[in-house]
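Just so it is clear: chains get the letters A, B, ... in the order the sequence lines come, proteins before strands, and each one is counted from 1. Remember, predicted model here, so these are calculated numbers, not experimental data.
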Protein chains: 2
Amino acid sequence: MKLTRAGEYAIRCILYLSRQNVADTIRRHDVAGHMDIPMQFLSKIAQQLAKAGLIQITQGAKGGYRLIRSPEEITLLDVIEAVEGELVLNDCLLEHERCSRKGTCAVHQVWAKARGQLRDTLAGVTFAEL
Amino acid sequence: MKLTRAGEYAIRCILYLSRQNVADTIRRHDVAGHMDIPMQFLSKIAQQLAKAGLIQITQGAKGGYRLIRSPEEITLLDVIEAVEGELVLNDCLLEHERCSRKGTCAVHQVWAKARGQLRDTLAGVTFAEL
DNA sequence: CATATTAAAGACCTTTTTAATCCTATATAC
DNA sequence: GTATATAGGATTAAAAAGGTCTTTAATATG
């Protein structure tokens, strides 16, 4: 029921890029150093952020990371789901088959609501505001 | 970022007890059987529920579990926090020291809000309604 | 009181997830 | 072509999740 380290690092990474000159490509080394993220681990996370269309990665000399979207267009939810996958609070909401077999489950409704609220809250905050 | 199996089982357990004659002591065997919970694992969970003051456990012949509070007085949050501990969405909200050292962290605020909402939602549903 | 019933308590185990790290390959600027 | 940087796959260590096993203890009932 908690954000993983990878999720936390992803947020820090985007946060750092948002605070620099957004057009610049920032070296992984700098991001890792300033935001206290293990370098190699940052590689993995950056690759997921790139796959999700949030950053562009450049290899080679002068390589590094650059935001593709502007900070106004990136929400906390975007970043979290980029590294953790779709945000779900319980299995019940995943295993549709199993849950529906039990008929109308009142608990299900509550979880659906809770999940919706959480996603809305996280989707309501952009990195421009942070 | 997801409810554990233990949490899910705890909810099922209380749900089952709520649906029986509330004054009765129900055998662990019955709860486990009807709600599809591994027996031995249910023991561990029941002990936590007892420690949290939600159920009374009786050993010996005719022993089992009985609700102490009425279903109207037990919320989803009560049950979840009984087995999972205090509901927290990220480390940031735990490690006050570390987080406050960084000054006013905007991300912190968002998580605090999200956590509050989630807890409120879960605290707003009793087992009488489920 | 003896016995059957029933759960507790603690040790132990297995699998999965998390959180990295290592190493080789590859891309780019100069 | 060489130095600079990251990618990408394999591997690993630690922690958490999810149980199970075994021994102990409590209670009802004849």
Restricting to side-chain contact (heavy atoms from CB on, under 4.5 Å), what partner residues turn up for A:K51, sequence neighbours left out? none
Between C1' on D:dA16 and NZ on B:K2, what's the gap in Å once rounded to a whole number? 14 Å
Can you give one letter per nucleotide of nucleotides 17-30 of chain D, going 5' to 3': B for a protein heavy atom under 4.0 Å from the base, S for sugar-phosphate only, - for none? SSSBBB--BBBSS-
Could you tell me which residues satisfy salt bridge (Lys or Arg N to Asp or Glu O under 4.0 Å) with A:D120, sequence neighbours excluded, listed by chain and number? none
For chain A, the stretch of DNA chain C it reaches, first to last nucleotide, under 4.0 Å of its heavy atoms: C:dT18 to C:dC30
So, do A:V22 and A:L17 sit near enough that their side-chain heavy atoms are less than 4.5 Å apart? no
Starting at CD of A:Q47 and ending at P of D:dG9, how long is that distance when rounded to a whole Å? 8 Å
I'd like to check the side-chain contact (heavy atoms from CB on, under 4.5 Å) partners of B:A52; sequence neighbours left out, ordered by chain and number. B:L54, B:A82
If you take any heavy atom closer than 4.0 Å to DNA chain C, which residues from residues 19-28 of chain B end up in contact? B:R27, B:R28
Let me have the donor-acceptor pairs involving side chains of residues 42-50 of chain A, under 3.5 Å, with sequence neighbours excluded, atom names and distances please.
| residue | atom | partner | partner atom | Å |
| --- | --- | --- | --- | --- |
| A:S43 | OG | A:R28 | NH1 | 2.4 |
| A:Q47 | NE2 | A:S43 | O | 3.2 |

Any residue meeting side-chain contact (heavy atoms from CB on, under 4.5 Å) with A:E81, in chain and number order, not counting sequence neighbours: A:L77, A:E86, A:L87, A:R119
According to salt bridge (Lys or Arg N to Asp or Glu O under 4.0 Å), who are the partners of B:D24, at least two apart in sequence or on a separate chain? none
Considering only residues two or more places apart or on different chains, which pairs with a residue in residues 63-75 of chain A satisfy salt bridge (charged side-chain N to carboxylate O under 4.0 Å, His left out)? A:R69-A:D78
Report the residues that fulfil ring pair (Phe, Tyr, Trp, His ring centres under 6.0 Å) with A:H29, sequence neighbours left out, ordered by chain and then residue number. none
Residues that B:R19 engages under salt bridge (Lys or Arg N to Asp or Glu O under 4.0 Å), provided they are two or more places apart: none
